[in-house]
Amino acid sequence: QGCSVRRKTRPAIIAGLLGGAVYLFNKKLFISIKGAVVIAGCMELIHMGLVLLLGRPFDQAAALVSQVVIPMTIANMVGIGIFSFIYINLIQERATVNERDRIRADLQRKQAELSIARDIQLSFLPDTIPSIRGYQISPLSLPAREVGGDFYDVIIPVSQDKVGILIADVSGKGVPAALFMALSRTITRANATWHKSAVSVIAETNTMICADARSGMFVTLFFGVLNRIEQRGDDDDD
């Protein structure tokens, strides 16, 4: 009886080894449902062939194979087809979950980066506005996105008795506009420190921005000079 059991298990072991060889040949990747069904049918036929080859007595083995070869082959092909369908769906579901987690992590990282960029951009805006006789200034900046191209600035001192007021709007929105905003603000502020008149500040700023504006972006910029105290003479023309 023990010998009979061993003989019956030999075909299954050989069929399993052949299936493993196919798996390794396919670089440990699951083949398609159609391929799995075809291989299952072939494996069952090989299984029956091994039964005929190894079964004793041969007449009984042949009679058994002739009775079960068709139903067993069909049953195995259908079973492997169902298993393959479930397995492939599980693989796709896992891939979808991994992709969703990756996208979610990327979105969270980008959101955190944009939040930091927003804080940095807001730090460019002046915390306080100086009190200027005859003027009431109440600035407010509300970007349409996390970061944007609108900005304002108060530059002190343009001279000992004047204050520079800067209001600007960069074309576009988002990160590109924010980067161009930082460039425009830095250049304007640097020029306002050296030049005395608004005309010279704007002229020099325009020249420098145009030299660096290779992306086609532009900024609409207003720069004015306000007197901090009442004066007479030539300063009244500012």
Side-chain angles (χ1 to χ4, degrees), residues 1-121 143-149 172-179 214-217:
Q1 183 178 1
C3 181
S4 175
V5 171
R6 287 194 298 271
R7 288 179 178 179
K8 290 179 181 179
T9 57
R10 287 176 184 174
I13 294 174
I14 296 175
L17 291 175
L18 291 176
V22 172
Y23 175 72
L24 294 175
F25 180 78
N26 199 44
K27 298 179 180 180
K28 296 183 178 181
L29 297 175
F30 189 76
I31 59 177
S32 63
I33 296 177
K34 182 178 179 181
V37 170
V38 171
I39 290 178
C42 294
M43 295 298 295
E44 189 59 35
L45 293 177
I46 293 174
H47 188 181
M48 293 301 168
L50 292 173
V51 171
L52 289 175
L53 181 64
L54 300 176
R56 296 293 184 273
F58 178 79
D59 294 340
Q60 293 182 7
L64 177 63
V65 168
S66 63
Q67 293 178 3
V68 302
V69 61
I70 295 178
M72 287 191 66
T73 301
I74 294 175
N76 283 332
M77 292 176 69
V78 172
I80 288 297
I82 296 174
F83 171 79
S84 300
F85 177 79
I86 296 173
Y87 184 74
I88 288 179
N89 275 274
L90 289 175
I91 293 176
Q92 293 176 347
E93 182 179 356
R94 178 177 296 179
T96 301
V97 170
N98 292 337
E99 182 67 14
R100 181 199 63 192
D101 293 341
R102 185 188 66 81
I103 293 175
R104 182 178 297 173
D106 287 343
L107 288 176
Q108 291 176 348
R109 177 179 57 81
K110 291 179 180 179
Q111 188 66 34
E113 292 176 352
L114 285 175
S115 179
I116 295 173
R118 176 182 175 84
D119 293 340
I120 293 175
Q121 187 177 36
R145 300 180 182 176
E146 287 83 356
V147 292
K173 299 182 183 300
V175 175
L179 294 175
R214 302 174 184 176
S215 61
M217 299 187 69

Side-chain heavy atoms of L107 within contact of R104, under 4.5 Å: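 Not touching, per the 4.5 Å side-chain cut-off.
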pair V147-L179: side-chain heavy atoms closer than 4.5 Å: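 The answer is no; the side chains never approach within 4.5 Å.
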What's the spacing between [X] [atom1] and [Y] [atom2] if we round to 0.5 Å?
X: D101; Y: D106; atom1: CG; atom2: CG; result: 11.0 Å
X: E93; Y: I86; atom1: CD; atom2: CD1; result: 12.0 Å
X: L114; Y: D119; atom1: CG; atom2: CG; result: 11.0 Å
X: L45; Y: N76; atom1: CG; atom2: CG; result: 10.0 Å

Heavy-atom neighbours of R94 CZ exceed 12 at 6.0 Å: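 Result for CZ/R94: open.
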I70 atom CD1, neighbour heavy-atom count above 12 within 6.0 Å: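 12 or below, so no.
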Could you tell me which non-hydrogen atom of [X] sits nearest to which non-hydrogen atom of [Y], and how far apart they are?
X: G81; Y: V37; answer: CA-CG2, 3.6 Å
X: V69; Y: T73; answer: O-OG1, 2.5 Å
X: A177; Y: G172; answer: CB-O, 3.7 Å

Carboxylate-amine/guanidinium contact E99 R102, below 4.0 Å: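 Looking at R102 together with E99, the answer is yes, because their closest N to O distance falls below 4.0 Å.
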Backbone N/O of Q111 and side chain of S115: donor-acceptor pair under 3.5 Å: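 No.
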